[in-house]
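One is the number of the first residue; the rest follow in order along the sequence.
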Amino acid sequence: MKQTIEIRPARAGDAGSLLQLIQALAEYERLAHEVSATEADLRATLFGERPGAEVLLAFDAQGAPIGYALFFPTYSTFLARPGLWLEDLFVLPEQRGRGVGRALLSRVAARAVALHPEGRLEWSVLDWNEPALRFYAALGARPLSDWTTQRLVGEDLHLLAGLDPSPLDNV
């Protein structure tokens, strides 16, 4: 008997389920201590007036959430084309191997193609996550070994944002 999986765009009422999946992802990635998101935060930033990203949720035959993909637009100046950045792709460990991740990623790829057929879809993966690396390689993804992700957050971000811009005033 084939099990059915439903994939649909997330709605504001799904914020609690999405938060549980985000927490499960963070636990899997050994980063649970970094999660500060709340249901209210997710509702405001994903389902408010200006959503910061799109989310697809996967549900099992009983209607329980089992995975999600969160993505948002990017732009390549080299290609002069929009693309998508896949921030999260996660399937509960006990649900893996059933095609849920592939189905979610396929939907995100279809969205990227709809946005621009010659654009691109990109994401990061932790270097120790061998199952994910094998999964992505099997789909044809290529690692970009010559790029290193950089991040500004917290105090460092605020310090940079507060730098005196006056030298630029004379340009």
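Atom CD1 of Ile22 sits about 7.0 Å away from atom CG of Leu70, to the nearest 0.5 Å. Between the CD atom in Glu34 and the CD atom in Glu29 there is a gap of 9.5 Å [rounded to 0.5 Å]. With rounding to the nearest 0.5 angstrom, the CD atom of Glu118 is 12.0 Å from the OG atom of Ser76.
In this structure Glu130 satisfies the side chain to side chain donor-acceptor pair (under 3.5 Å) test with no other residue, sequence neighbours excluded. Listed by chain and number, the residues in a side chain to side chain donor-acceptor pair (under 3.5 Å) with Thr74 amount to none (sequence neighbours excluded). Here Ala137 pairs with nothing under the side-chain contact (heavy atoms from CB on, under 4.5 Å) rule; sequence neighbours left out. For Glu87, the side chain to side chain donor-acceptor pair (under 3.5 Å) partners are Trp85, not counting sequence neighbours. Residues passing the side-chain contact (heavy atoms from CB on, under 4.5 Å) test with Gln150, sequence neighbours excluded: Thr148. The side-chain contact (heavy atoms from CB on, under 4.5 Å) check on Pro73 picks up nothing, with sequence neighbours excluded. Residues passing the side-chain contact (heavy atoms from CB on, under 4.5 Å) test with Pro131 are Tyr28, Asn129, Arg134, sequence neighbours excluded. The side chain to side chain donor-acceptor pair (under 3.5 Å) check on Arg8 picks up Asp14, with sequence neighbours excluded. With sequence neighbours left out, the ring pair (Phe, Tyr, Trp, His ring centres under 6.0 Å) criterion links Tyr136 to Trp123.
Pairing each heavy atom of Phe135 with each of Gly101, the nearest pair is CZ-C, 3.7 Å. The two atoms that bring Pro65 and Leu92 nearest to each other are O-CD1, 3.7 Å, heavy atoms only. Between Ala26 and Val35, the shortest heavy-atom contact is CB-CG2, 3.3 Å. Nearest heavy-atom pair, Ile7 versus Leu56, reported as atom, atom and distance to 0.1 Å: CG2-CB, 4.2 Å. Annotation for Leu21 and Gly67: closest pair CD1-O, 3.7 Å, computed over non-hydrogen atoms. Shortest non-hydrogen contact noted between Gly63 and Phe59 is O-CD2, 3.3 Å.
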For Leu121 and Phe71: C-alpha separation, side-chain torsions, deciding distance, then whether side-chain contact (heavy atoms from CB on, under 4.5 Å) applies. CA-CA 9 Å; Leu121 173 60; Phe71 54 95; 5.6 Å; no
Begin with the C-alpha distance, continue with both residues' side-chain angles, and end with the deciding distance and a verdict on side-chain contact (heavy atoms from CB on, under 4.5 Å) for Glu122 and Leu86. CA-CA 6 Å; Glu122 298 177 298; Leu86 177 66; over 6 Å; no
Test side-chain contact (heavy atoms from CB on, under 4.5 Å) on Gln23 and Leu19 and set out the steps. CA-CA 6 Å; Gln23 290 167 333; Leu19 181 58; 3.9 Å; yes
side-chain contact (heavy atoms from CB on, under 4.5 Å) for His33 and Leu31? Distances and angles first, verdict last. CA-CA 5 Å; His33 61 283; Leu31 297 169; 4.2 Å; yes
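Connection of Leu139 to Leu89 is established within a shared hydrophobic cluster, with ILVMFWY side chains joined at heavy-atom distances below 4.5 Å, either directly or through further cluster members.
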Contacts table for residues 36-51: side-chain donor-acceptor under 3.5 angstrom, sequence neighbours left out:
| unit_1 | atom_1 | unit_2 | atom_2 | d |
| --- | --- | --- | --- | --- |
| Thr38 | OG1 | Ala40 | N | 3.4 |
| Thr38 | OG1 | Asp41 | N | 3.0 |
| Thr38 | OG1 | Asp41 | OD1 | 3.4 |
| Thr38 | OG1 | Asp41 | OD2 | 3.1 |
| Asp41 | OD2 | Thr38 | N | 3.1 |
| Thr45 | OG1 | Asp41 | O | 2.8 |

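The closest side-chain heavy-atom distance from Leu159 to Leu152 is not below 4.5 Å. Using a 4.5 Å heavy-atom cutoff, the side chains of Arg96 and Phe90 are in contact.
Listed by first and then second residue, the side chain to side chain donor-acceptor pair (under 3.5 Å) pairs that reach into residues 51-68 are Glu54-Arg111, Tyr68-Asp88, sequence neighbours excluded.
Within a 6.0 Å sphere centred on CD of Glu27, heavy atoms belonging to other residues, nucleotides or ligands number 12 at most.
With a 4.5 Å cut-off between side-chain heavy atoms of Ile, Leu, Val, Met, Phe, Trp and Tyr, the cluster of Trp147 takes in Leu144.
The closest donor-acceptor contact from the side chain of Arg81 to the backbone of Leu79 lies under 3.5 Å.
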